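Proteins get letters first, then strands, A, B, ... in listed order; numbering begins at 1 in each. A quick note: this is a predicted structure, and the numbers were derived from the prediction, not measured.
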Protein chains: 2
Amino acid sequence: MITKTVEETIEKILSNTQVKEGLEFIKLENERTVAEQMELTAIPAPTFQEEARGEVYKTRLLELGLADVSVDNSGNIFGVRRGTGNGPKLVVSAHLDTVFPEGTNVEPQRKDGKIFAPGIADDGRGLAVVLTLVRALDEANIQTKADIIFCATVGEEGLGDLRGVKALFQNRKDIDGFISIEPGNPERTTYLATGSHRYHVTFLGPGGHSFGDFGKPSAIHALGRAIAKISELKVPDNPKTTFTVGTINGGTSVNTIAQNANMLVDIRSTSQDELSKLEEQIIASIKQAAIEENKRWNTDSINVELELVGDRPAGSQAPDAVIVQTALAATKALGFEPILDNPSSTDSNVPISLGIPAVTLGGGGDFGGVHTLNEFFDPKEAYYGVQKIFLTVLGLAGVQEVSEPLLPKRQG
Amino acid sequence: MITKTVEETIEKILSNTQVKEGLEFIKLENERTVAEQMELTAIPAPTFQEEARGEVYKTRLLELGLADVSVDNSGNIFGVRRGTGNGPKLVVSAHLDTVFPEGTNVEPQRKDGKIFAPGIADDGRGLAVVLTLVRALDEANIQTKADIIFCATVGEEGLGDLRGVKALFQNRKDIDGFISIEPGNPERTTYLATGSHRYHVTFLGPGGHSFGDFGKPSAIHALGRAIAKISELKVPDNPKTTFTVGTINGGTSVNTIAQNANMLVDIRSTSQDELSKLEEQIIASIKQAAIEENKRWNTDSINVELELVGDRPAGSQAPDAVIVQTALAATKALGFEPILDNPSSTDSNVPISLGIPAVTLGGGGDFGGVHTLNEFFDPKEAYYGVQKIFLTVLGLAGVQEVSEPLLPKRQG
């Protein structure tokens with residue numbers, strides 16, 4: 001399953017003394033990584049309000065002695081660990097923002113060996129792991145061939161709509177590979193990007209009294225027609241493509257012909273083509289519903305407004321892509337059974353959709369209650385996640401006097 | 001248009017000196033009626049919480065010297081003005097309750113000749129008019145042949161679902177005719193009862209993540225299918241029959257397959273048969289929608305629950321029914337152009353649905369903003385409404401030494 005070249009490269013790297021020192025350091029640093037994870041999690045960082053956490057993160061990158069520490073126009077934080085020159089450019093990234101609104105108590109609490117705090121796993125873990133990776137490279141005195149751009153992005157969650165990573169790839173055309181660190185165990189490697197488009201749809205009508213004004217069209221009836229059509233749409237199993245009307249709301253009282261009805265529609269696919277195809281069908285269904293409700297009552301007073309409120313690009317790459325293979329080989333080299341994970345929606349969506357090699361890897365440790373107030377992280381043996389990422393990074397970046405970068409430089 | 005017997009009877013009554021005194025008294029009492037209307041309106045009486053206003057009303061009926069002043073099991077207030085004996089029994093009624101919840105400021109304010117207060121017209125006006133009618137009969141020393149049962153009902157509004165008047169006709173089988181007084185001008189006579197059934201419909205499903213659990217059925221999709229079917233139903237223009245899905249609500253987030261979706265459905269008709277027929281079609285549509293959503297995903301995990309939350313009986317009577325004719329003749333005798341009003345939903349629904357003669361008459365005066373916090377009443381020439389009802393009552397009840405009751409006694 002894993003290509004020979006990649007497997008041999010990872011084995012060669014793993015047998016190197018400095019690399020072994022680095023892996024041992026990561027294990028010994030387990031508690032320090034967790035302590036840093038707690039410190040960063042305690043700084044509120046709702047999507048669109050990542051600045052305070054970002055400032056602290058920037059200070060950490062400066063303290064670690066990285067080059068070109070900077071904040072871009074969207075609020076992403078960067079620091080570069082330079083390679084030997086002329087190598088590829090690899091981004092290793094976690095996201096600053098959490099789904100929790102301003103005012104949420106995000107102070108971590110230890111209980112029965114676990115740490116409880118909203119955001120402690122997603123993505124407090126990832127942010128801390130990025131810093132430990134830099135320390136491990138420094139501690140083991142490892143010189144990579146690639147430039148490694150360590151990064152913390154904004155706007156990964158919800159309505160943030162991946163705005164940080166979108167800005168990154170809009171601003172720079174020289175990135176050759178991308179690793180995003182999210183909550184997850186070391187076995188799994190995510191390499192398929194679920195794209196999503198989300199619409200807020202509002203039907204508007206004239207309203208009126210249910211009896212006295214009977215014969216006027218209803219915004220709710222039009223919405224119902226749209227949902228009925230959407231619920232009959234057919235989508236492929238592979239590439240996996242899905243839809244749902246997630247929420248509905250409308251009307252003012254039982255005996256009023258509804259003036260207003262709205263819904264949120266979620267459209268997802270691992271294929272941008274299928275996403276677009278399904279999106280077209282859904283938009284056509286919605287418009288047709290307005291036409292049919294108007295026709296039923298011989299009017300033209302029902303209107304519909306569509307607002308795109310979410311746009312995450314889809315993308316896929318072959319499981320034998322070198323970045324995927326490298327992650328799988330690193331997993332196996334550490335004694336785990338590699339698993340290709342289900343498609344998901346993370347910062348990696350953007351590079352994958354652009355054809356740039358990217359994977360999302362788990363930062364290790366047990367965790368649960370992600371996106372709830374009961375979110376927790378269990379630090380027991382969490383270092384395995386960091387070790388896997390460390391090995392993956394070294395495989396892709398190339399180690400001086402040990403290996404060439406597995407990650408190719410982009411053409412042209 | 002108006003039958004000769006009825007017209008002649010009303011003319012005969014109108015030419016009687018005592019009756020003329022009564023009509024004049026009503027005109028002179030205009031301000032007193034309005035003062036009483038304000039006093040009663042100032043006592044909060046949300047549907048199901050009519051007791052305080054009912055207690056005051058009972059005291060008024062006692063002070064007026066009516067017989068058999070009583071409160072029934074539902075909270076309706078009654079007082080009887082006895083006839084000469086062996087005549088029919090006529091109820092003259094207004095409703096105690098308002099649509100305004102506890103805590104609403106219902107203190108009337110005069111401004112530019114108008115009186116502003118929630119409930120001042122609906123049905124503060126009706127309650128005051130009932131008392132003025134008793135006073136006018138007493139003042140003019142008029143002896144009717146029929147027993148007149150003056151009444152204030154509970155639960156006319158909204159979810160009260162006509163519970164007061166339903167209780168009255170469940171408790172008593174000896175009522176021969178019924179007049180309900182609501183906001184309205186003297187020209188109009190309401191004689192057709194819009195029946196309504198209202199359902200709270202809840203679709204329940206398993207829920208799940210929009211992408212990870214795609215293939216599970218959606219409560220919202222099932223609801224949409226139901227609405228689409230309902231929106232295509234055909235109903236007769238005459239008897240007027242209507243439907244609307246008034247409100248919808250469902251789902252938890254854009255990327256969650258909805259576990260719950262609900263709607264309120266309003267079904268109305270002036271014919272109980274058409275009401276039942278339409279209701280059957282709507283219930284079938286709702287059940288079919290659940291079946292289709294289950295079939296689409298090859299499951300049986302969508303369920304639907306229907307709760308009847310409103311039940312007002314429909315009914316109609318011929319425009320040449322004697323109670324309708326009497327009201328029209330009284331209107332004409334006072335110099336107004338009689339208008340047969342559109343069907344509506346009032347306390348009269350219950351007797352009409354039982355085949356008992358009933359009309360709903362306007363208490364006079366200008367008014368607006370009914371069921372809003374800006375409700376107002378303009379007392380200018382409001383006495384015309386009272387005079388019309390006074391004449392109608394006398395026509396139906398018969399006046400000693402002047403006329404026989406136009407209202408027949410019930411058979412058996």
> Between A/A228 and B/A228, what is the shortest heavy-atom contact and its length?
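Shortest heavy-atom separation between A/A228 and B/A228 comes out as CB-CB, 3.5 Å.
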> Counting only heavy atoms from other residues, nucleotides and ligands, does the tally under 6.0 Å from CG of B/D273 exceed 12?
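No, CG of B/D273 has 12 or fewer neighbouring heavy atoms, counting only those of other groups under 6.0 Å.
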> Within the structure provided, determine whether A/N255 and B/R198 are in side-chain contact (heavy-atom separation under 4.5 Å).
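Yes, at least one pair of side-chain atoms sits under 4.5 Å.
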> Is A/T244 close to B/H221 at the side-chain level, that is, under 4.5 Å between some pair of heavy atoms?
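They are in side-chain contact.
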> Heavy-atom distance under 4.5 Å to chain B: side chain of A/P343, backbone, both or neither?
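Both parts, backbone and side chain.
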> Checking the side chain of B/R225 only, and the main-chain atoms of A/R225 only, is there a donor and an acceptor separated by less than 3.5 Å?
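Side chain of B/R225 to backbone of A/R225, a donor-acceptor pair under 3.5 Å: no, none is there.
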> Heavy-atom cut-off 4.5 Å, strictly under: side chain, backbone, both or neither for A/S345 against chain B?
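For A/S345, no heavy atom lies under 4.5 Å from chain B.
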> What heavy-atom pair brings B/T247 and A/I220 nearest, and what distance separates the two atoms?
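For B/T247 and A/I220, the tightest heavy-atom pair comes out as CA-CD1, 3.6 Å.
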> Heavy atoms only, distances under 4.5 angstrom: which of A/M263, A/K229, A/H209 has the most pairs with chain B? Name it, please.
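Most heavy-atom pairs within the cutoff with chain B belong to A/H209.
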> Checking B/Y199 against chain A: side chain, backbone, both or neither under 4.5 Å from a heavy atom?
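When you check distances to chain A, no heavy atom of B/Y199 falls under 4.5 Å.
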> For A/L159, look at atom CG and say whether over 12 heavy atoms of other residues, nucleotides or ligands are found less than 6.0 Å away.
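Open.
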> Looking only at heavy atoms and a cut-off of under 4.5 Å, which of A/V309, A/V235, A/T194, A/L223 has the most pairs with chain B?
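Ranked by heavy-atom pairs under 4.5 Å with chain B, first place is A/T194.
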> Would you mind checking which part of B/T256 comes under 4.5 Å of any heavy atom in chain A, side chain (CB onward), backbone (N, CA, C, O), both or neither?
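It is the backbone, since no side chain atom gets that close.
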> Between B/S344 and chain A, which part of the residue has a heavy atom less than 4.5 Å away: side chain, backbone, both or neither?
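Neither part, no heavy atoms under 4.5 Å.
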> Ignoring hydrogens, what is the shortest heavy-atom contact between A/G246 and B/A258? Give both atom names and the distance.
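Looking at all heavy atoms of both residues, the shortest contact is O-CB, 4.1 Å.
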> Given heavy-atom pairs under 4.5 angstrom as the criterion, report whether the side chain, backbone, both or neither of B/N342 touches chain A.
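Neither part.
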> Does the side chain of A/R296 reach to within under 4.5 Å of the side chain of B/K234, using non-hydrogen atoms?
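Of all side-chain heavy-atom pairs linking B/K234 with A/R296, at least one is under 4.5 Å.
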> Sort A/S210 into side chain, backbone, both or neither according to what part of it lies under 4.5 angstrom from a heavy atom of chain B.
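Interface part for A/S210: both.
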> Find out whether the Lys NZ or Arg CZ of B/K240 is both under 6.0 angstrom from the six-membered ring centre of A/F214 and within 45° of the ring's axis.
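That pair does not qualify as a cation-pi contact.
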> Select, from B/S218, B/S253, B/G158, the one with the greatest count of heavy-atom pairs under 4.5 Å involving chain A.
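Most heavy-atom pairs within the cutoff with chain A belong to B/S253.
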> If you round to the nearest 0.5 Å, how far is OG1 of B/T270 from CZ of A/F211?
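One gets 5.5 Å once the value is rounded to the nearest 0.5 Å.
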> Output the option from A/L264, A/I227, A/D266 having the highest count of non-hydrogen pairs under 4.5 Å with chain B.
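The option with the most such pairs is A/D266.
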> Considering only heavy atoms, which portion of A/E293 lies under 4.5 Å from any heavy atom of chain B: side chain, backbone, both, or neither?
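For A/E293, side-chain heavy atoms alone lie under 4.5 Å from chain B.
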> What part of B/T241 lies closer than 4.5 angstrom to a heavy atom of chain A: side chain, backbone, both or neither?
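Backbone only.
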